Amino acid sequence: AIVIIFADLFVYILLGLLLMGYDDFYDSSEGEYWSLESMTLNEKIIYICYNAWIVLNIIALIYIGIRIYRKIKRNAT
């Protein structure tokens, strides 16, 4: 379980570091800040992967919560 948590944090850190390039080279003439039109293709892919990773983590937390709830409910009866 600890390995999965560290792997998850590693992915967050990696995607965050890759998104720092957007902050460093943002040009206001290309569009509004954090809009897809102001991003290069590579930055768009990283941005979409980052958001997908957040959604996957939320789904995983819901799944873990349901399993814990069922285990507690089963042991209480």
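Keep in mind it's a predicted model, so treat the numbers as computed, not measured. One-based numbering along the sequence shown.
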key: No-hydrogen, no-angle side-chain donor-acceptor test under 3.5 Å, Tyr33 and Asp23   = yes
note = Rounding to 0.5 Å, atoms CG (Leu19) and CH2 (Trp34) come to a distance of 4.5 Å
key: Shortest non-hydrogen contact from Lys44 toward Leu36   = CE-O, 2.8 Å
message = Suppose clustering is done on Ile, Leu, Val, Met, Phe, Trp and Tyr with side-chain heavy atoms closer than 4.5 Å. Which residues sit in the same group as Leu61?
response = none
query = In Å and rounded to the nearest 0.5 Å, what is the SG to CG distance from Cys49 to Leu15?
reply = 6.5 Å
remark   = Closest non-hydrogen atoms of Tyr22 and Glu32, given as atom of the first, atom of the second and distance, are OH-O, 4.0 Å
key: Spacing of Tyr63 atom OH and Ile68 atom CD1 [to the nearest 0.5 Å]   = 11.0 Å
ask   = Do the side chains of Tyr47 and Phe25 join up, straight or via other hydrophobic residues, at under 4.5 Å, putting them in one cluster?
value = no
ask   = Does the side chain of Thr40 pick up a donor-acceptor pair with the side chain of Asn42 at under 3.5 Å?
value = no
ask   = Going from CD1 on Ile48 to CD on Glu43, what distance comes out if it is rounded to the nearest 0.5 angstrom?
value = 12.0 Å
message = In this structure, would Ile5 and Ile64 fall into the same cluster of hydrophobic residues linked by side-chain contacts under 4.5 Å?
response = no
message = Using only atom types and a distance under 3.5 Å, with no angle test, would you say the side chain of Asp8 pairs donor to acceptor with the backbone of Ile4?
response = no
inquiry  = Is there a path of hydrophobic side-chain contacts, each under 4.5 Å between heavy atoms, that joins Trp53 and Ile45?
reply    = no
key: Interatomic spacing from CD1 in Ile46 to CG in Leu18 - rounded to 0.5 Å   = 4.5 Å
By side chain to side chain contact (heavy atoms under 4.5 Å, CB included) - contacts of Ile54 (at least two apart) = Tyr12, Tyr50, Asn51, Ile58
task = Could you tell me which residues satisfy side chain to side chain contact (heavy atoms under 4.5 Å, CB included) with Ser28, sequence neighbours excluded, listed by chain and number?
result = Tyr26
